[in-house]
Amino acid sequence: MRSYPAILSSLFHHRIFSRFRRTISLQSPATVTTPMAATAEDSLRRALADKQSTIDAHGSAIRQLKTSGASKSEIDDAVKALNALKLEKTSIENQLKASISGDANGSAISRDAFRQAVVNTLERRLFYIPSFKIYRGVAGLYDYGPPGCAVKSNVLAFWRQHFVLEEDMLEVDCPCVTPEVVLKASGHVDKFTDLMVKDEKTGNCYRADHLLKDYCKDKLENDLALSADKAAELKHVLAVLDDLSGEQLGAKIKEYGIVAPDTKNPLSDPYPFNLMFQTQIGPSGASTGYMRPETAQGIFVNFKDLYYYNGNKLPFAAAQIGQAFRNEISPRQGLLRVREFTLAEIEHFVDPDDKSHPKYSEVSNLEFLMFPRDEQMSGQSAKRLGLGEAVSKGIVNNQTLAYFIGRVYLFLTQLGIDEERLRFRQHLPNEMAHYAADCWDAEIESSYGWIECVGIADRSAYDLRAHTDKSGVALVAQEKFAEPKEVEKLVITPVKKELGLIFKGNQKMVVEALEAMNEKEALDMKATLETKGEVEFEVCTLEKTVTIKKSMVSISKEKKKEHQRVFTPSVIEPSFGIGRIIYCLYEHSFYMRPSKAGDEQLNVFRFPPLVAPIKCTVFPLVQNQQYEEVAKQISRSLTAAGISNKKDITGTSIGKRYARTDELGVPFAVTVDSTSSVTIRERDSKDQIRVNVDEVAAVIKDVSEGRCTWADILQKYPAHTSASADE
């Protein structure tokens, strides 16, 4: 019989450690194994599996001791050791839960609890509420209440200041209803889709990628027994989720046994669903239209007039703020995924041969979290990278694109977005349209994970060319030469008759793809056709490769004298989801602090004065006619200075009034405790200063509009202390 110490010693050899985690490439059938640095979560999962293995071995050892008739003391020692191991396992489980929830120190509330606290406060204080609430609401539709409207108005005002005014942009305002022909030209009628699956018995619809995402996240967050390798696989699926085709999504749904969440019924294969709201323009129903899914098309179709308005000069930018509509399959996540929302979009038109930017040096030294596609595909994390370095290394395609990435970073951080929870993620190959030169998303981390809030894309000349082809109106720019130039021009002439015989209904897409070739592609095709008579050619809009024969296309170079160069401008497009930015701002601004008595937690929004719904509250310390008159006088002076403010002349204690305004995110509170001077309290520090009544409006205006900081104010005016300040 083996002694208990001998059995214990053998358990130390029961551990198995793996230094590599396996990731499954969904780009091809092959399995790619990528060495990665072990994260804290990986280590904890391995430690937990190891501990469970040790516990199982101890259990077997105890059974062996009992079977062999070991003494009671030996068995008691073994049971005691087993219980100690179980406690160690519980400790690892708690650490793993904390690691998954982002609570490394075990002190913060969980993501779900934090989100619920934020949403409860927002709805109770009427920042926003579900639309048509008394009729049980409609998913994906929300109403903004008074403070929500004020925050949104302030965000949009700053957006106009930061982009439209400072960049000298041309602002337009176009209709929400868009004729079908416009969206047919842009590709929205045929391609603006999400992949949907149906409950095969009830017909309920779900977004396929959402179901896969929910499955992966649920397993990662709640299945503590999940192996480190399986966790790595699920994380990789999440990382490349947007890169999956319909077939790959369907295969993963089947592999993981994902079913309808409400009924547990089997699901159909994924298929595309067009997200646009269709309508009829006019009473006859003869003219089909759609509620616009984006504001950009209104700018593109007006390019010719805007170019003329700008003196026929490039580059220039046009901007638009307006409502957009998307018939989401399964709206969720509050303001993050809705059916009607506000977009703020910029279309910066630039010469495709010169994408430098005169103000690039103003942002080239910025450094922030960037997530290039190579890091994503190899399973690495976002890293801090200088914008200038990213351009010089070719990670960001050009200066103009980089300039807008930098400007977006400054806009978001000045609004109050935490720079440590903001990253710029480059689109993966399968996310980008075939015509796009480069695309980046500004993603903000929230309790829902990383949320795409701004897209910054170099769309090349696709949009203007598409509307030129469909409308017959040339949306082009000209560069006049001082002297005529002899230029050698590439001429690509598809033979439509030959192409039509072979490709029939797909002829137009093949012609467009041939005409869109750059010079190198065209000359390579010409050489192959001359030697082999045919060539394989990828048509991205058909998503397949076709065979082009020599009789189907003519490619040549001709010399001509030209007095001007006519070209289709490229477009750099920053597109802002205002509702998403605002929701992330709410989360980044929210915190709780104990009351003076310590018996409750008080909610606070730390909005910068720039976006706070109300800049200042005014209330008398006690109910007193003279104090109330002074409060009204100060309120009038603040209003005259353009400072939003709110009077509170209720008899509630001063501490409760402070708490109410803190919960609305009001940065300053004026308390009237005499007729000649008053106190001004700053929300987050709770510091107070004493100021003469006639100076209040000027002080609040200066600090609210950023002309000075609260620290500057503290040095200029005497501090005030009282028990009520902390009440």
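Positions are given from 1, in the same order as the sequence printed here.
Taking every heavy atom of both residues into account, Ser460 and Ala437 meet most closely at OG-N, 3.8 Å. For Val408 against Ala442, the heavy-atom pair with the smallest separation is CG1-CB, 4.1 Å. In terms of heavy-atom proximity, Ala474 sits nearest to Lys304 at O-CD, 4.5 Å. Counting all heavy atoms, side chain and backbone alike, Leu267 lies closest to Ile258 at CD1-O, 3.7 Å. The two residues Pro352 and Ser570 make their nearest non-hydrogen contact at CB-OG, 3.4 Å. Minimum interatomic distance between Phe277 and Arg339 (heavy atoms only, all atoms of both residues): CE1-O, 3.9 Å.
Side-chain atoms of Leu514 and Leu499, non-hydrogen and from C-beta on, do get closer than 4.5 Å to each other. Side chains of Leu244 and Asp209 form no contact here, defined as non-hydrogen atoms less than 4.5 Å apart. Looking at heavy atoms from C-beta onward, Ile578 lies out of side-chain contact with Phe341 at the 4.5 angstrom threshold. Side-chain contact between Val539 and Glu512 is absent, with no heavy-atom pair separated by less than 4.5 Å. Looking only at side-chain heavy atoms (C-beta outward), Leu385 and Phe424 stay at 4.5 Å or farther from each other. Contact check for Met525 versus Ile492: no side-chain heavy atoms found under the 4.5 Å cut-off. Contact of the Tyr462 side chain with the Arg465 side chain is not registered, since no non-hydrogen atoms from C-beta on lie closer than 4.5 Å. Leu475 places none of its side-chain heavy atoms less than 4.5 Å from the side chain of Tyr307.
Note on Lys557 versus Glu519: salt bridge recorded, some NZ/NE/NH1/NH2 to OD/OE distance being below 4.0 Å. Electrostatic pairing of Lys359 and Glu167 counts as a salt bridge here, judged by a charged N lying under 4.0 Å from a carboxylate O. A salt bridge links Glu534 to Lys549: one of the charged nitrogens lies within less than 4.0 Å of a carboxylate oxygen. Note on Asp524 versus Lys520: salt bridge recorded, some NZ/NE/NH1/NH2 to OD/OE distance being below 4.0 Å.
Judged by distance alone, with hydrogens and angles left aside, the side-chain atoms of Thr545 form no donor-acceptor pair with the main-chain N or O of Phe537 at under 3.5 Å. Not one N or O on the side chain of Asn310 forms a donor-acceptor pair closer than 3.5 Å with the backbone of Asn312. Between the side chain of Lys526 and the backbone N or O of Ile555 there is at least one donor-acceptor pair closer than 3.5 Å. The main-chain N or O of His357 is found under 3.5 Å from a side-chain atom of Gln399 such that the two form a donor-acceptor pair. A donor-acceptor contact shorter than 3.5 Å links the side chain of Asn274 to the backbone of Val189. With Arg373 contributing its side chain and Gln426 its backbone, the two residues share no donor-acceptor pair below 3.5 Å. At distances below 3.5 Å, at least one donor-acceptor pair connects side-chain atoms of Asn398 with backbone N or O atoms of Thr400. A side-chain donor-acceptor contact under 3.5 Å links Gln320 to the backbone of Thr295. Looking only at distances, no side-chain donor or acceptor of Glu573 sits under 3.5 Å from a matching main-chain atom of Glu345. Under the 3.5 Å distance criterion, the side-chain polar atoms of Glu562 are left unmatched by any main-chain donor or acceptor of Val487.
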For Met377 and Val240, run side-chain contact (heavy atoms from CB on, under 4.5 Å): C-alpha distance rounded to whole Å, both residues' side-chain angles, the deciding distance at 0.1 Å, then the answer. CA-CA 8 Å; Met377 297 306 293; Val240 299; 4.3 Å; yes
For Glu452 and Arg580, what are the C-alpha separation, side-chain angles and deciding distance, and is it a side-chain contact (heavy atoms from CB on, under 4.5 Å)? CA-CA 8 Å; Glu452 172 200 341; Arg580 289 186 170 196; 4.1 Å; yes
Report the C-alpha separation of Phe368 and Leu422 in whole Å, then their side-chain angles, then the decisive distance to 0.1 Å, and conclude whether the side-chain contact (heavy atoms from CB on, under 4.5 Å) test is met. CA-CA 8 Å; Phe368 42 79; Leu422 168 64; over 6 Å; no
Please test Gln376 against Arg425 for side chain to side chain donor-acceptor pair (under 3.5 Å), starting from the C-alpha separation and ending with a verdict. CA-CA 9 Å; Gln376 295 173 61; Arg425 186 185 70 83; 3.0 Å; yes
Applying salt bridge (Lys or Arg N to Asp or Glu O under 4.0 Å) to Arg384 and Glu367, what does each step give before you reach the verdict? CA-CA 6 Å; Arg384 293 189 71 84; Glu367 185 179 286; 3.5 Å; yes
Start with the C-alpha gap between Arg207 and Glu328, add the side-chain angles, then the distance that decides, and say whether side-chain contact (heavy atoms from CB on, under 4.5 Å) holds. CA-CA 9 Å; Arg207 256 187 69 167; Glu328 292 286 352; 3.8 Å; yes
Go through the steps to decide whether Phe411 and Phe576 satisfy the test ring pair (Phe, Tyr, Trp, His ring centres under 6.0 Å), and finish with yes or no. CA-CA 11 Å; Phe411 170 74; Phe576 299 74; 5.7 Å; yes
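Here CD of Glu347 is found 11.5 Å from CZ of Phe303. Values are rounded to the nearest 0.5 Å. Separating the CG atom in Leu306 from the CD1 atom in Ile299 is a distance of 8.0 Å, to the nearest 0.5 Å. Distance CG/Asp438 to CD1/Ile456: 10.0 Å, rounded to 0.5 Å. To the nearest 0.5 Å, atom NZ of residue Lys355 and atom CG of residue Asn397 are 6.0 Å apart. For the atom pair CE of Met552 and CG of Leu501, the computed distance is 8.5 Å after rounding to the nearest 0.5 Å. The line from NZ of Lys561 to CD of Glu483 is 10.0 Å long, rounded to the nearest 0.5 Å.
Within a 6.0 Å radius of OH in Tyr309, other residues, nucleotides and ligands contribute 12 heavy atoms or fewer. Heavy atoms of other residues, nucleotides or ligands lying less than 6.0 angstrom from CD1 of Ile502 number 12 at most.
With Phe567 as the aromatic partner, Arg565 meets the cation-pi criteria of under 6.0 angstrom to the ring centre and within 45 degrees of the ring axis. Remark: Arg423 is positioned above the aromatic ring of Trp450, its terminal NZ or CZ atom under 6.0 angstrom from the ring centre and at most 45 degrees off the axis.
Using modelled atom types, one finds no donor on one side chain facing an acceptor on the other under 3.5 Å when comparing Ser287 with Gln280.
For residues 178-193, the set of pairs meeting the side chain to side chain donor-acceptor pair (under 3.5 Å) definition, not counting sequence neighbours, comprises Glu180-Tyr290, Lys184-Asp190, Ser186-His188.
Contacts of Glu247 classified as side-chain hydrogen bond (donor to acceptor under 3.5 Å, both in side chains), with partners at least two apart in sequence or in another chain: Ser245.
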